[in-house]
Amino acid sequence: MCKDEPQQIKQQIARKLDKLTVNCSQRQKLFKIGNTLISHRIVGAQEAVFCTTGLHLRGSSPSLVFINTNRPEKRGRLFKSNRELRVMSTGDDDVFNPGPLERYQSRPDGEPYDSMSLAHFSVWYNVADKNYEPLTSCAQPRYDLKNGLGKIYLRRKLACLRLPTITQESHGDTALRPDDNNNHQNLCGQNIEQNIGDIEDALTLDSISRRHFSDSEFEATITSLNDSQRVPYEKVLEYSRAVHDFQMRTRESMPSPFCTFITGGAGTGKSHVISVIKKHLERAYIGAGNACILMAPTGVAAFNIGGLTIHQALSLSVEHGNSTGYRKLGAERLMELRQSWKYVNTIIIDEISMVSYLTMSFIHQRLTEIKGTDDSEVLFGGLNVIAVGHFFQLPPVRDKFVFQDGRGYNPGSTHLWRDEFKLIELTQNMRQ
Ligand SMILES: Nc1ncnc2c1ncn2[C@@H]1O[C@H](COP(=O)(O)OP(=O)(O)OP(=O)(O)O)[C@@H](O)[C@H]1O
């Protein structure tokens with residue numbers, strides 16, 4: 001017993017003990033007490049998660065947004081800081097900090113904001129730091145809230161929405177729902193016309209590029225890509241564009257992840273394309289962390305592309321040719337990796353010829369663990385995988401090539417390489 005228990009539990013325990021025979025053992029009594037506690041104790045969702053998995057909800061990868069959908073008279077609010085209160089002018093009685101409801105009311109005019117529900121706004125938009133000064137023109141755009149409430153920006157990953165428990169007492173007969181525009185009049189004291197029209201999809205690949213990647217050096221690099229090099233770049237660009245459309249609600253679902261194999265002879269620009277894609281993803285998803293992780297099977301190969309070894313990046317144990325079998329992560333390490341992989345949507349594996357099927361299956365299993373996806377339904381934790389290399393180069397140490405039948409795990413009988421990876425070949429030797 002680690003916290004105050006509700007009064008009824010004591011009464012329940014007393015009742016259960018009364019029913020026991022007089023000469024029953026201490027062990028039986030303790031058993032009854034334990035059983036009553038387990039079946040009657042109220043445990044919150046967070047506590048239950050912590051007790052069963054050891055994961056602190058506070059440290060989980062999705063951010064949490066709480067919207068108080070109680071009736072106005074039942075909503076608690078936070079006061080402004082002392083410093084802010086002291087500099088307030090006489091007659092100004094706005095002593096509370098703005099919360100999600102106030103920010104929602106002050107969201108910018110026009111689409112997509114006009115037709116956006118409170119829930120959508122809260123899980124997709126975050127408050128920008130007041131002191132934030134963009135260092136480059138390609139930084140994540142900030143949008144001004146009205147009434148001087150600061151700025152917001154689009155999150156790279158949806159936040160988790162928490163609402164108060166809806167009871168008859170707090171809500172009466174009508175429960176307020178932040179995902180339904182009809183109820184906004186009740187919730188925010190504001191009526192929002194439901195005029196969700198089709199937002200014109202006027203964005204072209206180039207306009208997205210310009211919006212996020214105005215850096216002239218980067219644009220020059222893109223222009224210099226030859227025809228075959230543009231194919232993998234545009235594949236990634238198309239994905240970024242679809243994510244953007246989903247965030248802007250001009251697309252219904254997130255795009256499906258892809259697995260691509262970029263190959264080509266020496267000097268065709270494989271490393272060059274890797275660096276362009278990496279730069280693109282860094283610019284498209286500027287925020288708290290990496291969108292793209294570069295990795296390679298050996299330390300030297302990893303160093304050459306400025307990445308990590310596969311084993312370092314995914315905390316896998318090194319096999320040295322003898323399979324150690326797949327080892328699951330402990331709760332603490334899993335939590336750390338979930339934090340550091342929070343924003344990653346693409347992995348690039350260079351020197352794929354040296355990666356065995358066994359390692360490939362370990363990558364799939366580890367990403368599944370990190371992203372918490374269904375092992376047989378979603379491959380590689382739902383991330384895009386770009387494999388780069390040439391099979392005329394070195395094979396894996398004491399193992400077969402990844403496309404051959406080797407040891408390893410086939411999720412849902414899918415061959416992780418043969419069934420999934422689509423080939424893109426670079427054809428022009430760029431080495432002068
Ligand atoms: N589009 C391009 N514009 C200008 N230079 C390029 C372009 N693509 C590649 N290069 C240059 O060509 C050379 C070879 O490219 P890179 O090293 O990327 O090829 P690679 O396929 O990785 O070669 P290897 O397999 O031998 O490692 C590099 O000097 C690179 O800077």
Side-chain angles (χ1 to χ4, degrees), residues 136 138 204-210 212-241 258-284 290-313 346-357 359-360 363 383-397 399-404 417 420-432:
T136 61
C138 57
T204 62
L205 295 185
D206 284 347
S207 74
I208 290 243
S209 287
R210 268 200 299 279
H212 293 294
F213 326 122
S214 54
D215 180 76
S216 56
E217 210 179 69
F218 183 69
E219 282 190 5
T221 315
I222 302 303
T223 318
S224 77
L225 290 178
N226 66 40
D227 287 351
S228 60
Q229 290 173 337
R230 279 193 86 90
V231 177
Y233 168 70
E234 277 177 4
K235 170 107 196 139
V236 179
L237 190 58
E238 195 188 330
Y239 177 84
S240 304
R241 183 190 172 204
F258 60 85
C259 294
T260 295
F261 169 40
I262 304 175
T263 190
T268 49
K270 298 184 291 295
S271 310
H272 187 68
V273 169
I274 291 180
S275 82
V276 171
I277 291 176
K278 167 88 172 146
K279 274 190 196 132
H280 160 86
L281 290 168
E282 277 168 2
R283 285 156 191 262
N290 282 337
C292 173
I293 301 246
L294 297 183
M295 54 179 92
T298 65
V300 175
F303 178 80
N304 285 342
I305 53 166
L308 298 168
T309 67
I310 294 171
H311 294 81
Q312 277 171 341
T346 304
I347 61 169
I348 300 180
I349 310 171
D350 196 18
E351 301 292 355
I352 192 68
S353 67
M354 295 182 72
V355 176
S356 66
Y357 188 80
T359 306
M360 204 64 171
I363 295 173
L383 302 189
N384 304 317
V385 183
I386 300 174
V388 185
H390 201 286
F391 286 115
F392 283 147
Q393 288 169 348
L394 286 174
V397 180
D399 214 326
K400 297 180 192 168
F401 283 117
V402 67
F403 58 83
Q404 294 171 315
W417 181 264
E420 298 305 322
F421 281 78
K422 304 280 175 290
L423 179 128
I424 296 176
E425 190 173 6
L426 309 185
T427 47
Q428 195 179 334
N429 192 331
M430 301 297 286
R431 205 164 262 140
Q432 288 153 2

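Every number for a ligand or one of its atoms is a count from 1 in the order of the listing. Residues take their numbers from the sequence shown, with the count starting at 1.
- Put simply, the side chain of F261 does not reach to within 4.5 Å of the side chain of F403, judged on heavy atoms.
- The presence of a protein heavy atom under 4.0 Å from atom 29 (O) of ligand 1 is ruled out.
- Taking a distance limit of 4.0 Å, we find that atom 22 (O) of ligand 1 is approached by some protein heavy atom.
- At a 3.5 angstrom cut-off on N or O pairs, A266 does not count as close to ligand 1.
- Ligand 1 has at least one atom lying under 4.0 Å from a heavy atom of G267.
- The closest side-chain heavy-atom distance from K422 to K235 is not below 4.5 Å.
- Contacts with ligand 1 closer than 4.0 Å are made by side-chain heavy atoms of Q229 only, the backbone lying farther away.
- The protein heavy-atom contact nearest to atom 20 (P) of ligand 1 is K270 N, 3.5 Å.
- A heavy-atom distance below 4.5 Å is found between the side chains of I386 and V236.
- Proximity of L383 to I293: side-chain heavy atoms (C-beta onward) are nowhere separated by under 4.5 Å.
- No N or O atom of N226 sits closer than 3.5 Å to an N or O atom of ligand 1.
- Taking a cut-off of under 4.0 Å to the non-hydrogen atoms of S224, the atoms of ligand 1 that pass are 1 (N), 2 (C), 3 (N).
- Summarising the geometry, atom CD belonging to E238 is positioned 9.0 Å from atom CZ belonging to F258; distances are rounded to the nearest 0.5 Å.
- A donor atom on one side chain and an acceptor atom on the other are found under 3.5 Å apart for S356 and T359.
- Checking atom 2 (C) of ligand 1 against the protein gives a heavy-atom contact under 4.0 Å.
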